Colleague: 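The structure follows.
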Amino acid sequence: MSTSKETIAYLLEQLEPLDVRTRAMFGEYGLYCDDKIVAFVCDDTLFVKPTDIAEEYSDATYLAPAYPGSKDYYAVPDDKLADTEWLHEFVQRTADVLPASKPKTAKKKPAPKKPPTTR
């Protein structure tokens with residue numbers, strides 16, 4: 001099962017006016033806040049990265065893998081998605097404690113091949 005576009009639209013609406021966006025990846029979605037990946041949306045469930053502040057918003061009973069083989073993330077219950085104040089704080093504070101993304105380095109283009117010389 002994969003995440004529906006309706007779920008993504010609902011999450012983005014709930015998170016307004018935060019600086020958030022989603023990106024499709026591996027058949028599911030990554031959720032970015034302030035250009036940092038703070039969560040994944042898998043099977044229509046929001047999984048927030050574990051951080052030092054996460055325990056203020058959730059407890060270990062909500063830890064679960066976002067996808068088979070992943071480490072545990074905090075699965076946000078549906079009733080908490082409707083609590084925009086709580087959701088905004090959880091997502092923004094998670095972004096605040098995560099390190100800034102490393103800038104991508106430009107890949108060098110290979111030098112064009114020279115045509116063979118004939119004598």
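Just so it is clear, the model here is predicted, and its values are computed rather than measured.
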Colleague: Atom OG1 of T94 and atom CG of L31: how far apart are they, to the nearest 0.5 Å?
Modeller: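 One gets 10.0 Å once the value is rounded to the nearest 0.5 Å.
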Colleague: Once rounded to the nearest 0.5 Å, what's the spacing between atom CG of D19 and atom OH of Y32?
Modeller: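 Between atom CG of D19 and atom OH of Y32 there are 13.0 Å.
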Colleague: Look at the side-chain heavy atoms of Ile, Leu, Val, Met, Phe, Trp and Tyr, link any pair under 4.5 Å apart, and say whether F90 and L81 land in one connected group.
Modeller: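 Yes, same cluster.
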Colleague: Holding to salt bridge (Lys or Arg N to Asp or Glu O under 4.0 Å), I want the full list of residues that pass it with D35, two or more places apart in sequence or in another chain.
Modeller: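 With sequence neighbours excluded, D35 shows a salt bridge (Lys or Arg N to Asp or Glu O under 4.0 Å) to R21, given in chain and number order.
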Colleague: Before we go on, tell me: are the rings of Y74 and Y57 under 6.0 Å apart, centre to centre?
Modeller: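 No, ring centres 6.0 Å or more apart.
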Colleague: Write down the atom of A75, the atom of F47, and the distance for their closest heavy-atom approach.
Modeller: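 Result for this residue pair: CB-CE2, 3.7 Å.
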Colleague: How long is the gap from CG on D83 to CG on D78, to the nearest 0.5 Å?
Modeller: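 CG of D78 is found 13.0 Å from CG of D83.
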Colleague: Can you name the nearest heavy-atom pair linking A39 to L46, along with the distance?
Modeller: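 Closest approach of A39 to L46: CB-CD1, 3.6 Å.
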Colleague: Going by distance alone, is a donor N or O of one side chain under 3.5 Å from an acceptor N or O of the other, for D59 and T61?
Modeller: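 Present: a donor and an acceptor within the cut-off.
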Colleague: At what distance, to the nearest 0.5 angstrom, does CD of E89 lie from CD of E56?
Modeller: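 Between atom CD of E89 and atom CD of E56 there are 9.5 Å.
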Colleague: So, S70 side chain and A66 main chain: donor-acceptor pair closer than 3.5 Å or not?
Modeller: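 Answer holds: yes.
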Colleague: Is V97 close to D52 at the side-chain level, that is, under 4.5 Å between some pair of heavy atoms?
Modeller: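 No, side chains not in contact.
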Colleague: In terms of heavy-atom contacts, does CD of E55 have more than 12 from other residues, nucleotides or ligands at under 6.0 Å?
Modeller: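 Atom CD in E55 is not crowded, with 12 or fewer foreign heavy atoms closer than 6.0 Å.
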Colleague: Roughly how far, to the nearest 0.5 Å, is the CD atom of E16 from the CG atom of L11?
Modeller: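 So the gap between those two atoms works out to 11.5 Å.
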Colleague: For residues T45 and V76, report the shortest heavy-atom separation together with the two atoms involved.
Modeller: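 Of all heavy-atom pairs spanning T45 and V76, the closest is CG2-O, 4.5 Å.
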Colleague: Drop me the distance from D34's CG to D96's CG, to the nearest 0.5 angstrom.
Modeller: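 Rounded to the nearest 0.5 Å, the CG-CG separation comes out at 6.5 Å.
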Colleague: Indicate the atoms forming the closest heavy-atom contact of D72 with P50, along with that distance.
Modeller: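 It is O-CG, 3.5 Å.
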Colleague: Locate the shortest heavy-atom distance separating K49 from Y73; write the atom from each residue and the value.
Modeller: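 Shortest heavy-atom separation between K49 and Y73 comes out as CA-CD2, 3.5 Å.
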Colleague: Between Q92 and C33, what is the shortest heavy-atom contact and its length?
Modeller: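 Shortest heavy-atom separation between Q92 and C33 comes out as OE1-SG, 3.8 Å.
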Colleague: For residues 2-31, pull every pair meeting ring-ring contact (aromatic ring centres under 6.0 Å, His included), keeping only residues two or more places apart or in separate chains.
Modeller: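 Those involving residues 2-31 do not exist here.
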